[in-house]
Undergrad: 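One structure follows; several queries about it will come next.
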Amino acid sequence: QVQLVESGGGLVQPGGSLRLSCAASGSIFIIYDMGWYRQAPGKQRELVATITSGGSTNYADSVKGRFTISRDNAKNTVYPQMNSLKSEDTAVYYCNAAAKTTWYTPSSNDYWGQGTQVTVSS
């Protein structure tokens with residue numbers, strides 16, 4: 001079992017910054033992609049940013065230039081640094097990891113955190 005523990009969410013004013021973190025723990029053989037998704041009320045869950053085990057990143061157009069994702073492979077932790085936050089960034093943010101728990105599993109599984117609320121409001 002892989003557990004993702006998220007932290008760093010909260011209330012921030014427009015233009016402010018937040019840094020979220022997501023630490024993976026449990027039975028882990030290897031973690032491939034890690035990333036963050038978000039879901040605002042009445043909207044579909046959408047990609048925010050992802051990062052591979054080698055450090056290659058991908059960002060949604062809506063956050064490109066404002067958010068930066070990084071990871072610490074030794075700690076199995078991923079960090080999105082969110083700057084210049086806007087009201088439209090308000091959502092529940094979910095950590096995601098693609099991982100194998102054993103070497104012999106045929107494919108990786110997706111694991112999700114419980115979600116953390118980010119509210120951008122003055």
Side-chain angles (χ1 to χ4, degrees):
Q1 183 179 359
V2 176
Q3 182 178 0
L4 303 180
V5 180
E6 302 159 324
S7 63
L11 176 66
V12 64
Q13 292 183 331
S17 299
L18 282 175
R19 190 187 192 218
L20 307 182
S21 68
C22 173
S25 62
S27 181
I28 301 171
F29 176 69
I30 190 171
I31 299 178
Y32 298 102
D33 293 356
M34 298 188 74
W36 288 84
Y37 293 71
R38 68 186 182 187
Q39 187 168 21
K43 299 182 67 176
Q44 294 284 100
R45 186 176 297 186
E46 64 177 357
L47 169 74
V48 177
T50 60
I51 184 168
T52 69
S53 60
S56 180
T57 59
N58 182 51
Y59 297 93
D61 289 340
S62 59
V63 306
K64 195 172 299 181
R66 299 187 296 117
F67 292 9
T68 302
I69 190 169
S70 61
R71 67 188 285 174
D72 185 335
N73 289 334
K75 298 179 180 179
N76 291 324
T77 302
V78 61
Y79 309 91
Q81 176 66 49
M82 308 189 298
N83 299 325
S84 301
L85 285 163
K86 306 174 181 179
S87 60
E88 51 263 43
D89 295 318
T90 297
V92 178
Y93 284 71
Y94 296 91
C95 179
N96 169 262
K100 289 185 176 181
T101 57
T102 66
W103 67 268
Y104 55 81
T105 51
S107 62
S108 63
N109 289 324
D110 283 335
Y111 298 89
W112 293 90
Q114 77 287 348
T116 184
Q117 178 70 48
V118 172
T119 302
V120 184
S121 176
S122 59

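Count residues from 1 along the sequence.
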Undergrad: Going by salt bridge (Lys or Arg N to Asp or Glu O under 4.0 Å), name the residues that satisfy it together with K43, two or more places apart in sequence or in a different chain.
TA: none
Undergrad: Measure across S17 and S84 and return the closest heavy-atom pair with its distance rounded to 0.1 Å.
TA: OG-N, 4.3 Å
Undergrad: Please check this pair: side chain of N73 against backbone of S53, looking for a donor-acceptor N/O pair closer than 3.5 Å.
TA: yes
Undergrad: Any salt bridge linking D61 with K64? Criterion: basic side-chain nitrogen under 4.0 Å from a carboxylate oxygen.
TA: yes
Undergrad: Should N58 and L47 count as side-chain neighbours, where that means a heavy-atom distance under 4.5 Å?
TA: yes
Undergrad: Please enumerate all residues that pass side chain to side chain donor-acceptor pair (under 3.5 Å) together with Q114, with sequence neighbours excluded.
TA: E6
Undergrad: So, do K100 and T102 sit near enough that their side-chain heavy atoms are less than 4.5 Å apart?
TA: no
Undergrad: Should S27 and Q1 count as side-chain neighbours, where that means a heavy-atom distance under 4.5 Å?
TA: no
Undergrad: Write out all pairs satisfying disulfide bond (SG atoms under 2.5 Å apart) with one or both partners inside residues 10-95, taking only residues at least two apart or from two chains.
TA: C22-C95
Undergrad: For Y79 and D72, indicate whether the former's side chain and the latter's backbone hold a donor-acceptor pair under 3.5 Å.
TA: no
Undergrad: Can the ring centroids of Y37 and W112 be said to lie less than 6.0 angstrom from one another?
TA: yes
Undergrad: Starting from V118, can I reach M34 by hopping between I/L/V/M/F/W/Y residues whose side chains sit under 4.5 Å apart?
TA: yes
Undergrad: How many angstroms lie between OH in Y94 and OG1 in T116, if you round to the nearest 0.5 Å?
TA: 10.0 Å
Undergrad: Answer yes or no: is there a side-chain heavy-atom contact under 4.5 Å between T50 and T57?
TA: no
Undergrad: Does any part of the side chain of I69, heavy atoms only, come nearer than 4.5 Å to the side chain of W36, both counted from C-beta?
TA: yes
Undergrad: Do V12 and V92 land in one hydrophobic cluster if side-chain heavy atoms of ILVMFWY residues count as linked below 4.5 Å?
TA: no
Undergrad: Treating R71 as the side-chain partner and I51 as the backbone partner, does any N or O pair qualify as donor plus acceptor under 3.5 Å?
TA: yes
Undergrad: Could you check whether any side-chain heavy atom of V5 comes within less than 4.5 Å of a side-chain heavy atom of Q3, counting everything from C-beta outward?
TA: yes
